[in-house]
Participant: 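Before anything else, here's the structure in question.
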Amino acid sequence: MKVIDHINHATGTLVSFEILPPLKGKGIQSLYQHLDPLMELKPSFINVTYHRSEHVFKKKADGTFEKVVVRKRPGTESICASIMNKYNVDTVPHLICGGFSINDTEDALINLNYLGIDNVLVLRGDAAKNETTFEPEANGHKYAIDLLKQVNNLNAGVYLEEDLKNTTKTKFCIGVAGYPEKHFEAPNMETDLQYLKKKVDAGADYIVTQMFFDNAKYFAFVNACRDIGINVPIIPGLKPVYNKKQLTILPKIFNIDLPTDLSAEILKCKSDADVELVGAEWLLAQSRELKKAGVPVLHYYTLGRPNLVADVVKKL
Ligand code: FAD
């Protein structure tokens, strides 16, 4: 079932979770162990992130370095199918522009369609680790909106080989990313919102936000979206804080702020176990307020802490 149908048929706020594929070398069982406590909470859908290949330098026996390409977390599409089979829940694979030519993208979408997956979160992806700015593949997409338009084409039965006849129309429900604290490359919030509006006008069914720790920023973002005519559901993305290192890592990686009250509480903590308690309490308070405000879905980035997230959702 499509995410948008879950939202349109819901009688209250839904819950969804986001997971990463296991590191290469780990079996799917590690993923099931992560998901088991979460599935008890009957999520409406599970998102699975996409991780592109990276260039790394490997030291050789003679002391020189060799540049190799590694993909640390492969398998997004097949993981989605496995989760659907095992838990009978809808899944949302993330699909990015980075590393994909338009032909690779079409093949990936055809595979998802064969696997019975009706949802996709379309994203640009970040710059590769060896690059300072995002560079599309030769014959690849530069922005998420270009990828979105390719999904639209396939939904209309238009494949890259234009002479194909009687083609199957896919029926992907399309989500896109939004940034309550602005995407780090956008010159200002207004410009970023205009590009977001273009994604919605091009056919995005809903928006999922980058994580935020201050609900006021989400509410202001939703108001700003509504003011410029973005009327699709805006799903808040939430993540627990569970160690002190995140005080610097989260702002650095995700270009977000942590509120002063939260950072002050974390700095007082004597151990990471204490931080986890503070993080859980904060996440619960955020979730309760958002639910009271009638958000369509509470979407949790569970990465590394499924039990913490499960405990918070149980208390909602
Ligand atoms: P876009 O919408 O293409 O925007 C990128 C930047 O370009 C923005 O600054 C925007 O303002 C600007 N822009 C947009 N359109 C235009 C245009 N036509 N002309 C000029 N400027 C334009 N990354 C992964 O690699 N894998 C994942 O699984 C993943 N999951 C994510 C899930 C969520 C909910 C979120 C919020 C992010 C996720 N990301 C993931 C990270 C994401 O790929 C990065 O944030 C990336 O830098 C931007 O992606 P986007 O889809 O928002 O890009």
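We use all heavy atoms of the structure for the numbers below, so side chains are in, but hydrogens, waters and symmetry mates are not. Counting convention: from 1, in listed order, for ligands and their atoms alike.
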Participant: Does any N or O of ligand 1 fall below 3.5 Å from an N or O anywhere on Gly125, backbone included?
Facilitator: yes
Participant: Ignoring hydrogens and angles, state whether a donor on the side chain of Thr105 or His141 is under 3.5 Å from an acceptor on the partner side chain.
Facilitator: no
Participant: For the pair Lys60 and Glu66, find out whether any cationic side-chain nitrogen is under 4.0 Å from an anionic carboxylate oxygen.
Facilitator: no
Participant: Which option out of Ala144, Gly237, Ala204 puts a heavy atom nearest to atom 1 (P) of ligand 1?
Facilitator: Ala144
Participant: Anything under 30° is parallel, anything over 60° is perpendicular, the rest tilted; go ahead and classify Tyr218 against Phe212.
Facilitator: parallel
Participant: Does at least one non-hydrogen atom of Tyr179 fall below 4.0 angstrom from an atom of ligand 1?
Facilitator: yes
Participant: Under 4.0 angstrom from ligand 1, any heavy atom of Ile145?
Facilitator: no
Participant: Atom 9 (O) of ligand 1: which protein heavy atom is closest, and how many Å away?
Facilitator: His183 ND1, 2.8 Å
Participant: Tyr300 and Asn47: side-chain donor and acceptor closer than 3.5 Å?
Facilitator: no
Participant: May I ask whether Phe254 has any heavy atom positioned less than 4.0 angstrom from an atom of ligand 1?
Facilitator: no
Participant: Looking at ligand 1, does Lys199 have a heavy atom less than 4.0 Å from it?
Facilitator: yes
Participant: Check this for me, if you would: do Glu190 and Lys182 make a salt bridge, where the nitrogen-to-carboxylate-oxygen distance has to be below 4.0 angstrom?
Facilitator: no
Participant: Does NZ or CZ of Arg305 fall inside the cone over Tyr242's six-membered ring, less than 6.0 Å from its centre and within 45° of the axis?
Facilitator: yes
Participant: Looking only at protein heavy atoms, identify the closest one to atom 11 (O) of ligand 1 and say how far it is in Å.
Facilitator: Asp192 OD1, 2.7 Å
Participant: Identify, for atom 46 (C) of ligand 1, the protein heavy atom at the shortest distance, and state residue, atom and that distance.
Facilitator: Asp126 OD1, 3.3 Å
Participant: In terms of atom number and element, which parts of ligand 1 are under 4.0 angstrom from non-hydrogen atoms of Ala186?
Facilitator: 9 (O), 11 (O)
Participant: Ala177 heavy atoms, cut-off 4.0 Å: which ligand 1 atoms fall inside?
Facilitator: 35 (C), 36 (C), 52 (O)
Participant: May I ask you to identify the nearest protein heavy atom to atom 34 (C) of ligand 1, giving residue, atom name and distance to one decimal place in Å?
Facilitator: Tyr301 OH, 3.2 Å
Participant: Taking Glu18 first and then Lys239, would you say they form a salt bridge - that is, a charged N and a carboxylate O separated by under 4.0 Å?
Facilitator: no
Participant: Does a side-chain N-to-carboxylate-O contact under 4.0 Å join Lys292 and Glu289?
Facilitator: no
Participant: Charged N to carboxylate O under 4.0 angstrom, Lys197 versus Asp201?
Facilitator: yes
Participant: Cluster question for you: counting only ILVMFWY and a side-chain heavy-atom cut-off of under 4.5 Å, with indirect links fine, are Leu284 and Trp282 together?
Facilitator: yes
Participant: Closest non-hydrogen protein atom to atom 5 (C) of ligand 1, residue and atom name please, with distance?
Facilitator: Arg124 NH1, 3.8 Å
Participant: Before accepting this row, confirm whether a basic side-chain N of the pair Asp257/Lys217 lies closer than 4.0 Å to the acidic partner's carboxylate O.
Facilitator: yes
Participant: Mind listing the closest non-hydrogen atom pair of Asp214 and Gln286 along with its distance?
Facilitator: N-NE2, 3.9 Å
Participant: Could you tell me the residue and atom name of the protein heavy atom closest to atom 7 (O) of ligand 1, and the distance to it rounded to 0.1 Å?
Facilitator: Tyr143 CE2, 3.5 Å
Participant: Return the closest protein heavy atom for atom 32 (C) of ligand 1 as residue, atom name and distance.
Facilitator: His94 CE1, 3.7 Å
Participant: Where's the contact between Leu123 and ligand 1, heavy-atom distance under 4.0 Å: side chain, backbone, both or neither?
Facilitator: both
Participant: Using a heavy-atom cut-off of under 4.0 Å, does the side chain or the backbone of Tyr195 touch ligand 1, or both, or neither?
Facilitator: side chain
Participant: Kindly indicate whether atom 30 (N) of ligand 1 is approached by any protein heavy atom to under 4.0 angstrom.
Facilitator: yes
Participant: Cation-pi between Lys86 and Tyr32: NZ/CZ under 6.0 Å from ring centre and within 45° of the ring axis?
Facilitator: yes
Participant: Short list, please: which atoms of ligand 1 are under 4.0 Å from a heavy atom of Thr49?
Facilitator: 28 (O)
Participant: Which residue and atom name correspond to the protein heavy atom nearest atom 26 (N) of ligand 1, and how close is it?
Facilitator: Tyr50 O, 2.8 Å
Participant: Please say whether Leu121 places an N or O atom under 3.5 Å from an N or O atom belonging to ligand 1.
Facilitator: no
